[in-house]
Asker: 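My questions all concern the structure below.
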Amino acid sequence: MNILRSFWNSPTGLKTTHFWGPAFNWSLPLAAAMDTKKPPETISVNMTGVMCVYSASFMRFAWVVRPRNLHLLVCHMTNETMQLYQLSRWFRAQRVMVHPPDFSSCLLRTQGYRGAYDVTGDRAP
């Protein structure tokens, strides 16, 4: 019971914003994790960039504030990681859209019932 009482009365305990702020802030990285299943074309690069700046600035805040708020720091580190992953997905999708892969040189032909493939266009021996 003493452990619970000391946590309740601590400067980062349940009665403070040092606990409840990060607790509700976990919705941001969780939402970003859920968005990884969506197609990269739906990613808003502006909003993702803003979220990266936001999380980076609050990581610094969580480190310099007294008492140091490690719960908030871990929350924003997770959010920063998820947002950077979303940005990388968007950049990869943009690169594929600008330079689509050329499959014309990879035409495959089958030979008879064996299903042998030949990438040069000639019949396999």
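The basis for the numbers below is simple: all heavy atoms, side chains too, and nothing from hydrogens, waters or symmetry mates. Since the model is a prediction, treat every value here as computed from it, not as a measurement.
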Asker: Specify the closest pair of heavy atoms between Gln86 and Asp35, including all atoms of both residues, with the distance to one decimal.
Answerer: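 Scanning both residues completely, I find the closest heavy atoms to be NE2-CB, 3.3 Å.
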
Asker: Is the closest side-chain heavy-atom distance between Thr36 and Tyr85 below 4.5 Å?
Answerer: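 Heavy-atom side-chain distance check passes, below 4.5 Å.
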
Asker: Search all heavy atoms of Arg89 against all heavy atoms of Pro39 and return the closest pair with its distance.
Answerer: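 Closest heavy-atom pair between Arg89 and Pro39: NH2-C, 3.7 Å.
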
Asker: Please list every donor-acceptor pair under 3.5 Å in which a side-chain atom of residues 64-72 meets a protein atom from a residue at least two apart or in another chain.
Answerer:
{"from": "Arg68", "atom 1": "NE", "to": "Trp63", "atom 2": "O", "distance (Å)": "2.8"}
{"from": "Asn69", "atom 1": "OD1", "to": "His71", "atom 2": "N", "distance (Å)": "3.4"}
{"from": "Asn69", "atom 1": "OD1", "to": "Leu72", "atom 2": "N", "distance (Å)": "3.2"}
{"from": "Asn69", "atom 1": "ND2", "to": "His18", "atom 2": "O", "distance (Å)": "3.1"}
{"from": "Asn69", "atom 1": "ND2", "to": "His18", "atom 2": "ND1", "distance (Å)": "3.2"}
{"from": "His71", "atom 1": "NE2", "to": "Trp26", "atom 2": "NE1", "distance (Å)": "3.2"}

Asker: For Ser55, which of Thr78, Asn79, Thr81 qualifies under side-chain contact (heavy atoms from CB on, under 4.5 Å)?
Answerer: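 Only match with Ser55 under side-chain contact (heavy atoms from CB on, under 4.5 Å): Asn79.
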
Asker: Applying side-chain hydrogen bond (donor to acceptor under 3.5 Å, both in side chains), name anything that partners Ser44, two or more places apart in sequence or on another chain.
Answerer: none

Asker: Atom CZ of Phe24 and atom OG1 of Thr17: how far apart are they, to the nearest 0.5 Å?
Answerer: 12.0 Å

Asker: Are there more than 12 heavy atoms of other residues, nucleotides or ligands under 6.0 Å from atom CE of Met59?
Answerer: yes

Asker: Shortest non-hydrogen contact from Leu84 to Cys52?
Answerer: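 Taking every non-hydrogen atom into account, CD2-SG, 3.8 Å.
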
Asker: Closest heavy-atom contact between Met82 and Pro29?
Answerer: CG-O, 4.1 Å

Asker: How long is the straight-line distance from CD1 of Ile43 back to CG of Leu87, given to the nearest 0.5 Å?
Answerer: 7.5 Å

Asker: Would you please classify the geometry between the Phe58 ring and the Phe61 ring as parallel, tilted or perpendicular, with 30° and 60° separating the classes?
Answerer: perpendicular

Asker: Would you say NZ of Lys15 has more than 12 non-hydrogen atoms from neighbouring residues, nucleotides or ligands within 6.0 angstrom?
Answerer: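 It does: Lys15 NZ has more than 12 such atoms within range.
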
Asker: Donor-acceptor pair, Trp20 side chain versus Leu14 backbone, under 3.5 Å?
Answerer: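 Yes; at least one donor-acceptor contact below 3.5 Å.
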
